[in-house]
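Here's the structure, in structure tokens; my notes come after.
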Amino acid sequence: MAIHLVMIGPPGAGKGTQASRLAEKLGLAHVSTGDIFRENIRNETELGARVKTLLESGTLVPDDLTIELVQDRLQQPDCRRGAVLDGFPRTPAQAAALEFMLAEQGFSVNLAPYIRLDDEAVIGRLTGRRTDMCTGKIYHLKYDPPPAEAELEQRPDDSEQTVQHRLDEYHENTAPLLDYYKERGVLQQFDGEMTIDALADALLAAVGERAVA
Ligand code: ADP
């Protein structure tokens, strides 16, 4: 038996933080397409060159490229027991491709946690997000202020204009997945305003209930 979780929610809802915690607790792989793309950009690979301007403007990477990437990733040995998918699927075509890939191995999506956060909160969270270039630690100018000596940088796609574009992409392409997973009986909603720890506990409990059911 393997477990496959699909994290859904707008940018800034906390999918990445929660996905990495869940993956660690459950011994599953954390598959984040955003992280994979950013790593390729950092390492100046061919894939990185193809996606750099798309990421910087908050535009989705084409489905075929993204699907192929995830297909390869899910065949790695660390995905044998399953994976927490974070940032994929992001379009109906990606969701259909994932269903097909998993079905080939006799698997399906067990749970799609939907972390809900309204647009205003998304904009506030992302435009205030900063990373300390030396330590890699992430701060928020208002909610988690960095120390005075921190050397801060902003993720290129966290500028106000780009965040709005990412939200538009989310509403247009990703929000339809809510119905898709609801129809399959795996969608479960969580409040993105909860504290990180409380949300982590709620998610873990939900996975536990599914595993028993
Ligand atoms: P967010 O915080 O907006 O959820 P991610 O780190 O998941 O950000 O993704 C950052 C960017 O990477 C997206 O704006 C998009 O350009 C690209 N990307 C990530 N996942 C996908 C995907 N499944 N399909 C297409 N583009 C993607």
Quick one: does [X]'s side chain get under 4.5 Å of [Y]'s, heavy atoms only?
{"X": "T127", "Y": "S159", "answer": "no"}
{"X": "L47", "Y": "L65", "answer": "yes"}
{"X": "V84", "Y": "M7", "answer": "yes"}
{"X": "Q94", "Y": "T66", "answer": "yes"}
{"X": "L98", "Y": "L85", "answer": "yes"}
{"X": "L26", "Y": "L5", "answer": "yes"}
{"X": "T174", "Y": "E169", "answer": "no"}
{"X": "R155", "Y": "R129", "answer": "yes"}

Under 3.5 Å, is there a donor on one side chain and an acceptor on the other for [X] and [Y]?
{"X": "T45", "Y": "N40", "result": "yes"}
{"X": "H165", "Y": "T59", "result": "yes"}
{"X": "N173", "Y": "T91", "result": "no"}

Exceeds 12 heavy-atom contacts within 6.0 angstrom, atom [atom1] of [X]:
{"X": "R50", "atom1": "CZ", "result": "no"}
{"X": "E68", "atom1": "CD", "result": "no"}
{"X": "I196", "atom1": "CD1", "result": "no"}
{"X": "R73", "atom1": "CZ", "result": "yes"}
{"X": "R80", "atom1": "CZ", "result": "no"}
{"X": "E153", "atom1": "CD", "result": "yes"}

Indicate yes or no for a side-chain donor-acceptor contact from S57 to the backbone of T53 under 3.5 Å, with no hydrogens or angles considered. yes

Looking only at atom types and distance, does a side-chain atom of T135 sit under 3.5 Å from a main-chain N or O of K137, one as donor and one as acceptor? yes

Would you check, one step at a time, whether the test side-chain contact (heavy atoms from CB on, under 4.5 Å) holds for F88 with I67? CA-CA 9 Å; F88 182 94; I67 289 166; 4.2 Å; yes

Let me check something: do L60 and V51 share a hydrophobic cluster, defined by ILVMFWY side-chain heavy atoms less than 4.5 Å apart, either directly or through other members? no

Tell me whether E56 is salt-bridged to K52, with the criterion being a basic N under 4.0 Å from an acidic carboxylate O. yes

Check ion pair R184-E99 (N to O, under 4.0 angstrom): yes

Would you name the heavy atoms of [X] and [Y] that are closest together and state the gap between them?
{"X": "A2", "Y": "N110", "value": "O-OD1, 3.8 Å"}
{"X": "P113", "Y": "F190", "value": "CB-CE1, 3.8 Å"}
{"X": "V122", "Y": "P11", "value": "CG1-O, 3.2 Å"}
{"X": "A23", "Y": "H30", "value": "CB-CB, 3.8 Å"}
{"X": "L152", "Y": "P146", "value": "CD1-CG, 3.6 Å"}

Cationic tip of K182 within the cone over Y180's six-membered ring, i.e. under 6.0 Å and within 45° of the normal? no

For Y170, does the six-membered ring have the charged nitrogen or CZ of R166 within the cation-pi criterion, i.e. under 6.0 angstrom from the centroid and within 45° of the normal? no

Which distance, rounded to the nearest 0.5 Å, do you find between the CZ of R38 and the CG of N43? 13.0 Å

For the pair V6 and L177, evaluate side-chain contact (heavy atoms from CB on, under 4.5 Å) and give the outcome as yes or no after the intermediate values. CA-CA 10 Å; V6 166; L177 300 186; over 6 Å; no

Trace of the side-chain hydrogen bond (donor to acceptor under 3.5 Å, both in side chains) decision for H171 with D119: CA-CA 10 Å; H171 289 297; D119 288 7; 2.9 Å; yes

Salt bridge (Lys or Arg N to Asp or Glu O under 4.0 Å) evaluation trace for R21 with D197: CA-CA 10 Å; R21 284 195 179 205; D197 286 342; 2.9 Å; yes

Decide side-chain contact (heavy atoms from CB on, under 4.5 Å) for K25 and L204; before the verdict, give the C-alpha distance in whole Å, the side-chain angles of both, and the deciding distance to 0.1 Å. CA-CA 8 Å; K25 287 253 182 199; L204 210 58; 3.7 Å; yes

Between L22 and L28, is the side-chain contact (heavy atoms from CB on, under 4.5 Å) condition met? List the steps. CA-CA 8 Å; L22 272 173; L28 306 174; over 6 Å; no

